[in-house]
Amino acid sequence: MDFNSRKALATGVAMAALMGAGSVWAQTAPPSQEAGTALLDEVIVTAQRRNQRLQDVPVTVTAFGAEELEQARIKDVDDVATRTPGLQFDAFPASQPRIAIRGIGSTDRGAAGDPSAAVFLDEIYLGRPGMVAFDAFDIERIEVLKGPQGTLYGRNVVGGAINVVTQRPDLDALGVSTETTVGNYGRLEGAAVLNAPFADGRAAVRASGSWRTHDGYTDNSFTGGAVDDQDTLSGRLQIAAEPSDTVRLSLTLDGTRDRAAGPANRVLDLDESDPLSAFWTPNRDRDSFAGSTDGYQNRDTWGLRGEAEIDLSFATLTYLGGYRNLDYSTAYDFDGGNPATNFIQISGGNDEQTDASSHELRLSSLPGSAIQWVAGVYNYNSDVHRLDTLILDLGGEGTETYTQDAELRSYAVFGDVTVPIGDRFSLIGGLRYSQDEKDYRISNTAGDSVFRGDELFDVSASASFDALTWRVGADYELADNHLLYVMVSRGFKSGGFQDLPGTAEEAADPFEPEYATQYEIGQKSVFLGGRLTWNNTLYTIDYTDLQTRRTLPNGAVVTDNAGAATINGYETYLSWRPFGGARIVAGYGYTDATFDDYFVDDTTNYAGNRIARAPKHKLVLSPSYDWDLADGATIRAAVDYRYESLIYEDNSNTGPERREPTNIYDARVIYTPASDRWSVSLWGKNLSDEVTRSFQGAFLGANFGAYAPPRTYGLSVNWSL
């Protein structure tokens with residue numbers, strides 16, 4: 001470890017000692033259990049592949065429960081990211097989101113590439129960016145696990161993981177609930193869920209669905225249309241059964257259909273050192289652009305999940321299988337202009353069809369076991385067919401098409417154990433061996449032109465990658481509700497192949513896996529009889545062979561293995577009820593993610609530069625107050641404020657590819673009658689109408705990009721039986 005890493009760990013030890021002293025002092029008051037008050041954040045999570053109270057998990061986790069998801073209008077991963085320090089998200093286009101956790105993410109969406117931060121839907125890995133499509137209606141909770149999770153969650157969990165856990169069928173009660181929303185930009189939304197037991201309480205079916213639509217945020221003055229709209233239909237059907245006290249079965253079918261125009265990409269800035277900049281007309285008006293076409297963003301994805309659990313005398317045997325299908329197509333005007341505004345016309349898009357399946361068989365200790373353990377085997381398979389099309393008009397139109405076909409077979413065996421040493425101290429260890437086999441074919445012969453390539457080629461290649469990932473750590477319970485932990489964890493992301501190579505040689509040459517080893521020390525405490533929760537984490541990450549992407553002057557995109565980077569960070573979470581109905585929730589993340597060694601050519605080294613898309617500071621502050629009315633009804637008023645510091649969009653840290661610091665305000669007022677059967681919410685997002693960029697990329701003398709949504713507001717009504 002280098003000096004900065006040792007310094008971070010030393011500081012962490014000192015802080016833990018101080019927090020421990022404070023924890024012991026706090027126990028002069030009766031413990032919350034003895035006082036008869038409930039803990040403020042009694043949230044159950046499955047971050048370690050078993051049910052645990054959030055405050056007992058020796059991992060940094062941000063969790064959102066069902067009530068918060070509903071009231072704060074958290075509907076997708078983007079909404080989760082805005083409220084989670086250390087988590088970044090952008091969707092350009094919307095059908096291909098990019099996620100980064102603690103500075104570790106990926107912009108590689110090629111058929112033979114992989115994300116660096118993973119998303120799981122009910123433990124099923126969503127292996128392609130376009131698969132990250134779900135509606136947060138009827139969700140039990142969303143967990144954000146930060147740092148490498150390679151032991152329990154596997155390959156490509158270098159930065160962390162997002163676990164989406166749906167509401168499971170209730171075998172005991174009939175239930176119905178609905179949600180209706182109207183808002184500006186013609187917003188109209190509806191959602192409903194039905195839960196029905198049958199077979200004398202041994203089984204139940206749960207069906208949920210939602211439809212969300214709004215008009216475009218951006219007018220197209222050239223076509224007369226509007227883009228950045230939404231028309232999303234989602235559904236989920238679950239069946240669960242318990243034929244005996246030791247057997248549990250479940251089957252889930254879910255799907256999402258997206259239809260939208262856009263995105264409203266345009267020229268934001270000029271590179272006046274490039275003669276081509278004279279051909280572009282910048283447009284920084286967020287509300288309108290003049291694209292030659294409205295474009296489209298269409299996505300259909302569905303999945304099937306099956307699970308069987310059998311309680312044996314010594315453990316629980318679980319089989320988990322999943323299948324997912326993805327079909328999407330995007331086409332848009334990349335420069336946001338027309339022949340009257342831009343001499344050069346750029347357009348294009350992507351088409352992808354993917355089939356993926358997974359199988360996991362695991363044994364885990366029974367809930368009451370003194371030693372908690374899990375062991376299993378895992379297999380993941382995918383077939384990806386992808387087209388990347390670029391249309392360039394320089395007084396004569398030409399089309400360049402990259403055709404990509406990738407087949408992946410991945411295998412793993414894993415084990416993890418927590419061993420108590422005495423009443424308050426535990427040791428934790430885990431290992432996972434993973435092997436990936438990739439077959440790849442890529443061709444640029446389908447189009448009539450070559451722009452980003454240097455030659456025509458049709459290449460087939462194969463490669464295999466394997467790695468041993470692990471974690472080792474310990475936790476110590478200083479007193480009831482006061483936990484200290486230290487954890488060292490290692491993760492890896494599989495190697496792959498270029499999605500836009502310039503030559504046949506580049507197409508056949510794979511890039512190597514990347515690795516991250518995180519050293520983390522943390523504290524989780526509950527004070528004041530359960531009214532105050534305060535958690536702190538210090539970490540440093542040694543990030544080696546990281547897969548980085550850079551855009552060449554001709555628009556080609558190359559994936560390199562950079563030498564190394566170090567990420568030092570601190571995160572804190574506080575939830576406090578100071579008096580009456582008041583509550584304050586705050587989260588802050590500091591992320592210092594810099595390259596130690598990254599030679600992009602023989603003379604240029606990005607050492608000392610910040611990793612792209614990683615703000616140093618992110619603050620989330622959510623105060624709220626509940627008024628109890630005389631008739632038993634309640635009114636809740638809440639504000640969500642978030643701040644992000646400067647973000648570089650490019651690892652060079654130069655030029656206009658940056659997002660200036662942002663301040664975003666959301667708010668809501670919720671009325672709930674005494675019956676608690678319905679509620680009405682008046683809400684608003686981005687109330688200050690902050691103008692911020694959501695995507696940027698520079699080439700051909702200009703910086704192209706898009707904007708985040710403007711101010712939105714609406715009225716939502718929820719009803720349940």
Engineer: Does R102 make a cation-pi contact with Y539 (under 6.0 Å, within 45 degrees of the axis)?
Structural biologist: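 Checked: cation-pi criterion met.
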Engineer: Any donor and acceptor pair, going by atom type alone, linking the side chain of R432 with main-chain N or O of T151 inside 3.5 Å?
Structural biologist: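 Present.
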Engineer: Measure the OG-CZ distance between S622 and R583 for me, rounded to the nearest 0.5 Å.
Structural biologist: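 Rounded to the nearest 0.5 Å, the OG-CZ separation comes out at 9.0 Å.
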Engineer: Could you pull out the closest heavy-atom pair between N195 and L174, with the gap in Å?
Structural biologist: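 Here N195 and L174 meet closest at O-CD1, 3.1 Å.
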Engineer: Within 45 degrees of the ring normal and closer than 6.0 Å to the centroid, is that where the cationic atom of R128 sits relative to Y328?
Structural biologist: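 No, R128 and Y328 do not form such a contact.
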Engineer: List the atom of G127, the atom of Y380, and the distance in Å for their closest heavy-atom pair.
Structural biologist: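 Minimum heavy-atom contact is CA-OH, 3.5 Å.
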Engineer: For R49, is there an ion pair with D416 - N to carboxylate O distance below 4.0 angstrom?
Structural biologist: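 Answer for the salt bridge query: no.
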Engineer: Looking only at heavy atoms, what is the nearest atom pair of I142 and I162, with distance?
Structural biologist: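 Shortest heavy-atom separation between I142 and I162 comes out as CG2-CG2, 3.9 Å.
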Engineer: Is the backbone of G86 close enough, under 3.5 Å, to the side chain of Q88 for a donor and an acceptor to pair up by distance?
Structural biologist: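 Flag not set: sc Q88 to bb G86 has no pair under 3.5 Å.
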Engineer: Which atom names give the shortest non-hydrogen contact between R490 and P148, and what distance separates them?
Structural biologist: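 Where R490 meets P148 most closely, the heavy atoms are C-CB, 3.9 Å.
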Engineer: Calculate, to the nearest 0.5 Å, the distance between atoms OG1 and NZ belonging to T232 and K75 respectively.
Structural biologist: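 Answer for the OG1-NZ pair, T232 versus K75, is 12.5 Å.
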Engineer: Do side-chain atoms of E123 reach the backbone of F120 as a donor and acceptor pair under 3.5 angstrom?
Structural biologist: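 Here the side-chain-to-backbone pair does not exist.
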Engineer: What distance separates M131 CE from S382 OG, expressed to the nearest 0.5 Å?
Structural biologist: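 If I round to the nearest 0.5 Å, the distance is 7.5 Å.
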Engineer: If you define the side chain from C-beta out and look only at heavy atoms, does anything of I371 sit under 4.5 Å from P420?
Structural biologist: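 Counting from C-beta outward, I371 and P420 do come under 4.5 Å.
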Engineer: Can a side-chain donor-acceptor contact be found between D626 and T634 if the only test is distance below 3.5 angstrom?
Structural biologist: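 Per modelled atom types, T634 and D626 side chains form no pair under 3.5 Å.
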Engineer: Without swapping roles, check the side chain of H482 against the backbone of E477 for a donor-acceptor pair under 3.5 Å.
Structural biologist: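 Not at all, since once roles are kept as given, no pair shorter than 3.5 Å links the two residues.
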Engineer: Do the side chains of D640 and K685 get close enough for a salt bridge, i.e. N-O under 4.0 angstrom?
Structural biologist: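 No, D640 and K685 are not salt-bridged.
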Engineer: Side chains of V472 and L427, heavy atoms from C-beta outward: is any pair under 4.5 Å?
Structural biologist: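 Heavy-atom side-chain distance check fails, nothing below 4.5 Å.
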Engineer: Applying side chain to side chain contact (heavy atoms under 4.5 Å, CB included), run through L171 and R248 and close with a yes or a no.
Structural biologist: CA-CA 12 Å; L171 276 61; R248 294 171 295 279; over 6 Å; no
Engineer: Taking the side chain as everything from C-beta on, heavy atoms only, tell me whether F89 gets closer than 4.5 Å to T82.
Structural biologist: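 Not in contact.
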Engineer: Start with the C-alpha gap between D327 and R257, add the side-chain angles, then the distance that decides, and say whether salt bridge (Lys or Arg N to Asp or Glu O under 4.0 Å) holds.
Structural biologist: CA-CA 10 Å; D327 186 351; R257 175 188 181 274; over 6 Å; no
Engineer: Would you mind reporting whether L408 and R155 have side-chain heavy atoms less than 4.5 Å apart?
Structural biologist: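 Result yes, sub-4.5 Å side-chain heavy-atom pair found.
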Engineer: Any donor and acceptor pair, going by atom type alone, linking the side chain of N156 with main-chain N or O of A118 inside 3.5 Å?
Structural biologist: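 No, because the side chain of N156 does not come within donor-acceptor range (under 3.5 Å) of the backbone of A118.
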Engineer: Take a 6.0 Å sphere around OH of Y671 and say whether it holds more than 12 heavy atoms from other residues, nucleotides or ligands.
Structural biologist: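 Check passes, neighbour count above 12.
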Engineer: I want to check something: taking the side chain as every heavy atom from C-beta on, are V419 and W373 in contact at a cut-off of under 4.5 Å?
Structural biologist: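 Sidechains of W373 and V419: no contact.
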Engineer: Should D254 and R305 count as an ion pair when the cut-off is N to O under 4.0 Å?
Structural biologist: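 R305 and D254: not salt-bridged.
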Engineer: Are side-chain N/O atoms of Q71 and R636 paired as donor and acceptor at under 3.5 Å?
Structural biologist: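 Their side chains do contain a donor-acceptor pair, which is all the 3.5 Å distance test asks for.
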Engineer: Working to the nearest 0.5 angstrom, can you tell me the gap between E307 CD and L320 CG?
Structural biologist: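 The distance works out to 5.5 Å.
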Engineer: Taking atom types as modelled and ignoring hydrogens, do the side chains of Q55 and T533 form a donor-acceptor contact shorter than 3.5 angstrom?
Structural biologist: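 Absent: no donor and acceptor within the cut-off.
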Engineer: For D258, is there an ion pair with R299 - N to carboxylate O distance below 4.0 angstrom?
Structural biologist: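 Here R299 pairs with D258 in a salt bridge, since their nearest N and O are under 4.0 Å apart.
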Engineer: Would you kindly say whether N379 and N381 are connected by a side-chain donor-acceptor distance under 3.5 Å?
Structural biologist: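 Judged by distance alone, the side chains do pair up.
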Engineer: Decide, yes or no, whether a salt bridge links D666 with R642 under the criterion of side-chain N to carboxylate O below 4.0 Å.
Structural biologist: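 Salt bridge present between D666 and R642.
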Engineer: Indicate whether the side chain of E571 and that of T537 have a donor and an acceptor atom separated by less than 3.5 Å.
Structural biologist: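 On atom types as modelled, these side chains do not qualify, holding no pair under 3.5 Å.
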Engineer: Are V176 and W719 close enough, and set up right, to give a side chain to side chain contact (heavy atoms under 4.5 Å, CB included), and what steps lead you there?
Structural biologist: CA-CA 8 Å; V176 179; W719 175 85; 3.9 Å; yes
Engineer: As a test of understanding, state which of V377, T318, T316 forms a side chain to side chain contact (heavy atoms under 4.5 Å, CB included) with R362.
Structural biologist: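 Passing option: T318.
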Engineer: Please check if any side-chain donor atom of S716 sits under 3.5 Å from a side-chain acceptor atom of T181, or the reverse.
Structural biologist: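 Yes, a side-chain donor-acceptor pair sits under 3.5 Å.
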Engineer: So does G209 get a backbone contact from the side chain of S234, meaning a donor-acceptor N/O pair under 3.5 Å?
Structural biologist: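 Not confirmed, S234 side chain does not pair with G209 backbone.
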Engineer: Taking NZ, NE, NH1 and NH2 as the nitrogens, is one of them in R206 or E140 under 4.0 Å from a carboxylate oxygen of the other?
Structural biologist: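 Salt bridge between R206 and E140, a charged N being under 4.0 Å from a carboxylate O: no.
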Engineer: Using only heavy-atom distances, determine whether the side chains of S410 and D436 contain a donor-acceptor pair under 3.5 Å.
Structural biologist: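 Per modelled atom types, S410 and D436 side chains form a pair under 3.5 Å.
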Engineer: Would you check if V61 and K146 make a side-chain contact, meaning some heavy-atom pair closer than 4.5 Å?
Structural biologist: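 V61 vs K146: side chains apart.
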Engineer: Any side-chain heavy atom of F137 sitting closer than 4.5 Å to one from L69?
Structural biologist: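 F137 vs L69: side chains apart.
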Engineer: Could you go through R471 and V59, starting from their C-alpha distance and side-chain angles, then the distance that decides it, and tell me whether this counts as side chain to side chain contact (heavy atoms under 4.5 Å, CB included)?
Structural biologist: CA-CA 11 Å; R471 72 170 185 161; V59 177; 4.0 Å; yes
Engineer: Going by atom types only, do R236 and T252 share a side-chain donor-acceptor pair under 3.5 Å?
Structural biologist: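 There is no such pair (donor and acceptor under 3.5 Å, judged by atom type) between the side chains of R236 and T252.
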Engineer: When you measure from the side chain of T213 to the backbone of Q230, do you find a donor-acceptor pair of N or O atoms at a distance under 3.5 Å?
Structural biologist: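 A pair under 3.5 Å: yes.
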Engineer: Please determine whether side chain to side chain contact (heavy atoms under 4.5 Å, CB included) holds for the pair L715 and T180, giving the CA-CA distance in whole Å, both sets of side-chain angles, and the decisive distance to 0.1 Å.
Structural biologist: CA-CA 8 Å; L715 185 73; T180 304; over 6 Å; no
Engineer: Say you draw a straight line from CZ of F527 to CG of N481; how long is it, rounded to the nearest 0.5 Å?
Structural biologist: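 If I round to the nearest 0.5 Å, the distance is 10.0 Å.
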Engineer: Grab the two heavy atoms, one from L621 and one from A586, that are nearest each other, plus how far apart they are.
Structural biologist: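 Heavy atoms of L621 and A586 come nearest at CD1-CB, 3.8 Å.
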Engineer: How many angstroms lie between atom OG1 of T418 and atom CD1 of I428, to the nearest 0.5 angstrom?
Structural biologist: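 Reported value, rounded in 0.5 Å steps: 4.5 Å.
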Engineer: If you take all heavy atoms of A191 and R212, which pair is closest and at what distance?
Structural biologist: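 For A191 versus R212, the nearest heavy atoms are CB-NH2, 4.4 Å.
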Engineer: Go through the side-chain N and O atoms of S358 and E360 and say whether any donor and acceptor fall under 3.5 Å apart.
Structural biologist: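 Not at all, the side chains of S358 and E360 share no donor-acceptor pair under 3.5 Å.
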Engineer: For S106, enumerate each residue passing the side chain to side chain donor-acceptor pair (under 3.5 Å) test, keeping only those at least two apart in sequence or located in another chain.
Structural biologist: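 S106: side chain to side chain donor-acceptor pair (under 3.5 Å) contacts with K493.
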Engineer: Have Q167 and D138 got a donor and an acceptor in their side chains that come within less than 3.5 Å?
Structural biologist: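 Per modelled atom types, Q167 and D138 side chains form no pair under 3.5 Å.
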Engineer: Would D56 and K524 count as a salt bridge (Lys or Arg N to Asp or Glu O under 4.0 Å) if you check the C-alpha gap in whole Å, the side-chain angles of each, and the deciding distance to 0.1 Å?
Structural biologist: CA-CA 8 Å; D56 295 334; K524 296 185 175 184; over 6 Å; no
Engineer: Would you say that T62 contacts Y573 through its side chain, given a criterion of any heavy-atom pair below 4.5 Å between the two side chains?
Structural biologist: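 They are not in side-chain contact.
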Engineer: Charged N to carboxylate O under 4.0 angstrom, D78 versus R83?
Structural biologist: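 Result for this pair is no, no salt bridge flagged.
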